[in-house]
Amino acid sequence: MNKIQLKEQSIVLIGFMGVGKTTIGQAVAKKLYRDFIDIDEEIERRFQMPPKDIFAKYGEAVFRQHEKEIISEMCHKKLKVISLGGGAFLQKEIQDICLAATTIFFLDLTWDKWKDRIGLLIDSRPVLQGKNMDEIKQLFDDRQPIYEQHHSRVVTDDQEVEEVADYIVGSLKLAWELYA
Ligand SMILES: Nc1ncnc2c1ncn2[C@@H]1O[C@H](COP(=O)(O)OP(=O)(O)O)[C@@H](O)[C@H]1O
Ligand SMILES: O=C(O)C1=C[C@@H](OP(=O)(O)O)[C@@H](O)[C@H](O)C1
Ligand SMILES: [Mg+2]
């Protein structure tokens, strides 16, 4: 497969659950006039049920297998904005595919700010079920190293969705000019 030109590569958003990948990805896609793909939504469409129910009915391994299949397919498309689920980068194969074929932004939110969002997430995120705050903090800390594989980090503390999206679009336009 020929390497896709930088400007045509799809943009991938990674980071811990709840940092805003889905919301900010939609805003970035709109600003760039690109299609938006949310991997969780694609999996949900396949199973006709949300991730929480897929985890409960079929188990996490089945979810991860479909996550890998769908990301492998989507990452080779041109000109998309793609938001991954927060656990996708646990799979080395997914890291490798995305690093080679896409431009990856890591949405970085500190624990201090993240913990204020817990109420928005607790009901819908299966990996948070049955965990206390210490265990969730442990998961947050354990997962940070996997997101270090990226092309650009965006610190999102105290940033509105639109501000983060503008920052991403601005940095992309700069890179496209510099490396044209
Ligand atoms: N920059 C932000 N500031 C405040 N709330 C946000 C921000 N980004 C996302 N949110 C909220 O946090 C929750 C999780 O966002 P979501 O986009 O689903 O995250 P992810 O896809 O990373 O799990 C949503 O309720 C969303 O409205
Ligand atoms: O971190 C995880 O393991 C997961 C994150 C979720 O996506 P978001 O990061 O968009 O919440 C979703 O893929 C699933 O619930 C598993
Ligand atoms: Mg999401």
Requested in this report: Side-chain contact test, heavy atoms from C-beta onward, threshold under 4.5 Å: evaluate it for Pro51 versus Phe63 and give yes or no.
Outcome: yes
**Report entry** Between Phe47 and Tyr58, ring centroids under 6.0 Å
**Finding:** yes
Query - Which residues share a salt bridge (Lys or Arg N to Asp or Glu O under 4.0 Å) with Lys78, sequence neighbours left out - result: Glu8
Query raised in the report: What's the verdict on side chain to side chain contact (heavy atoms under 4.5 Å, CB included) for Glu44 and Ile54, showing C-alpha distance, side-chain angles and the deciding distance?
Result: CA-CA 8 Å; Glu44 183 164 346; Ile54 302 171; 5.6 Å; no
Requested in this report: Calculate, to the nearest 0.5 Å, the distance between atoms SG and CD1 belonging to Cys98 and Ile14 respectively.
Outcome: 8.5 Å
Requested in this report: Please check if Phe55 and Val62 belong to a single hydrophobic cluster, counting links between Ile, Leu, Val, Met, Phe, Trp and Tyr side chain heavy atoms closer than 4.5 Å.
Outcome: yes
Report task. Kindly compute the distance separating NZ (Lys21) from CG (Asp40), expressed to the nearest 0.5 Å. Result -> 8.0 Å
Query raised in the report: Of all heavy-atom pairs between Lys68 and Ser72, which one has the smallest distance, and what is that distance?
Result: O-OG, 2.6 Å
**Report entry** Cluster link Leu99 to Ile37, ILVMFWY, side chain under 4.5 Å
**Finding:** yes
Requested in this report: Taking all heavy atoms of Gln129 and all of Ile122, pick out the closest pair and write down the distance.
Outcome: NE2-O, 2.7 Å
Query raised in the report: Below 4.5 Å, heavy atoms only, C-beta onward: do Leu139 and Met17 meet side chain to side chain?
Result: yes
Query raised in the report: Relative to each other, are the rings of Tyr147 and Phe16 parallel, tilted or perpendicular (30° and 60° limits)?
Result: perpendicular
Query - Listed partners of Lys57 passing salt bridge (Lys or Arg N to Asp or Glu O under 4.0 Å), at least two apart - result: none
Query - From Lys173 atom NZ to Ile168 atom CD1, the distance as rounded to the nearest 0.5 Å - result: 13.0 Å
Query raised in the report: Looking only at heavy atoms, what is the nearest atom pair of Gln159 and Val164, with distance?
Result: CB-CG2, 3.5 Å
Query - Under 3.5 Å: donor-acceptor pair, side chain of Glu162, backbone of Ile24 - result: no
Query raised in the report: Would you say Ser83's side chain and Leu13's backbone share a donor-acceptor pair under 3.5 angstrom?
Result: no
Report task. Step by step, work out the side chain to side chain contact (heavy atoms under 4.5 Å, CB included) result for Glu69 and Arg46. Result -> CA-CA 12 Å; Glu69 270 175 38; Arg46 233 185 224 193; 2.9 Å; yes
Query raised in the report: What's the spacing between Asp38 CG and Glu42 CD if we round to 0.5 Å?
Result: 8.0 Å
Report task. Decide side chain to side chain donor-acceptor pair (under 3.5 Å) for Thr103 and Gln9; before the verdict, give the C-alpha distance in whole Å, the side-chain angles of both, and the deciding distance to 0.1 Å. Result -> CA-CA 7 Å; Thr103 304; Gln9 279 184 356; 2.9 Å; yes
Report task. Return the minimal non-hydrogen interatomic distance between Ile82 and Ser10, and the atom names on each side. Result -> CD1-CB, 4.0 Å
Report summary line: Test side-chain contact (heavy atoms from CB on, under 4.5 Å), reference Lys31, set Val81, Leu172, Val169, output is Val169
Report task. For the pair His151 (side chain) and Ile104 (backbone), establish whether a donor and an acceptor sit closer than 3.5 Å, ignoring hydrogens and angles. Result -> yes
Query raised in the report: Is Tyr167 reachable from Val161 through a run of hydrophobic residues whose side-chain heavy atoms are each under 4.5 Å from the next?
Result: yes
Query raised in the report: Ile94 versus Phe89: any side-chain heavy-atom pair under 4.5 Å?
Result: yes
Query raised in the report: Can Val12 and Lys80 be said to form a side chain to side chain contact (heavy atoms under 4.5 Å, CB included), step by step?
Result: CA-CA 8 Å; Val12 164; Lys80 309 291 179 201; over 6 Å; no
Query raised in the report: Is Lys7 atom NZ crowded by more than 12 heavy atoms from other residues, nucleotides or ligands, each under 6.0 Å away?
Result: no
Query raised in the report: Is the side chain of Arg117 donor-acceptor paired with the backbone N or O of Val19 at a distance under 3.5 Å, no angle test?
Result: yes
Report task. Output yes when a side-chain donor or acceptor of Lys77 lies under 3.5 Å from a complementary backbone atom of Glu73, and no otherwise. Result -> no
Query raised in the report: Is the closest basic N to carboxylate O distance between Asp157 and Lys113 below 4.0 Å?
Result: no
Query raised in the report: Does Glu41 pair with Arg45 as a salt bridge, N-O distance under 4.0 Å?
Result: no
Report task. Take Ile146 and Leu90 through the side chain to side chain contact (heavy atoms under 4.5 Å, CB included) test and state the conclusion after the steps. Result -> CA-CA 7 Å; Ile146 68 171; Leu90 291 168; 3.8 Å; yes
Query raised in the report: Are any of the side-chain heavy atoms of Ile70 and Ile43 separated by less than 4.5 Å?
Result: yes
Requested in this report: Calculate, to the nearest 0.5 Å, the distance between atoms OG1 and CD belonging to Thr23 and Glu160 respectively.
Outcome: 12.0 Å
Report task. Look only at the side chain of Glu135 and the backbone of Asn132, and say whether a donor-acceptor pair between them is shorter than 3.5 Å. Result -> yes
Query raised in the report: Heavy-atom count around Lys30 NZ within 6.0 Å, excluding the residue itself: above 12?
Result: no
**Report entry** Nearest atoms (heavy-atom pairs only) where Cys75 meets Ala101
**Finding:** O-CB, 3.8 Å
Query - side-chain hydrogen bond (donor to acceptor under 3.5 Å, both in side chains) partner of Asp141, chosen from Arg143, Lys137, Gln138 - result: Lys137
Query raised in the report: Do you know the tightest heavy-atom contact between Asp158 and Glu163?
Result: O-OE1, 4.1 Å
Query raised in the report: Applying the 4.5 Å side-chain criterion to the ILVMFWY set and letting contacts propagate, would Phe36 and Val28 be lumped into a single cluster?
Result: yes
**Report entry** Flag, side chain of Gln144 to backbone of Phe140, donor-acceptor distance under 3.5 Å
**Finding:** yes
Query raised in the report: Any link between Leu178 and Leu6 through a network of hydrophobic side chains (Ile, Leu, Val, Met, Phe, Trp, Tyr) touching at under 4.5 Å?
Result: yes
Report task. Report the distance from atom CD1 of Ile71 to atom CD1 of Ile97, rounding to the nearest 0.5 Å. Result -> 8.0 Å
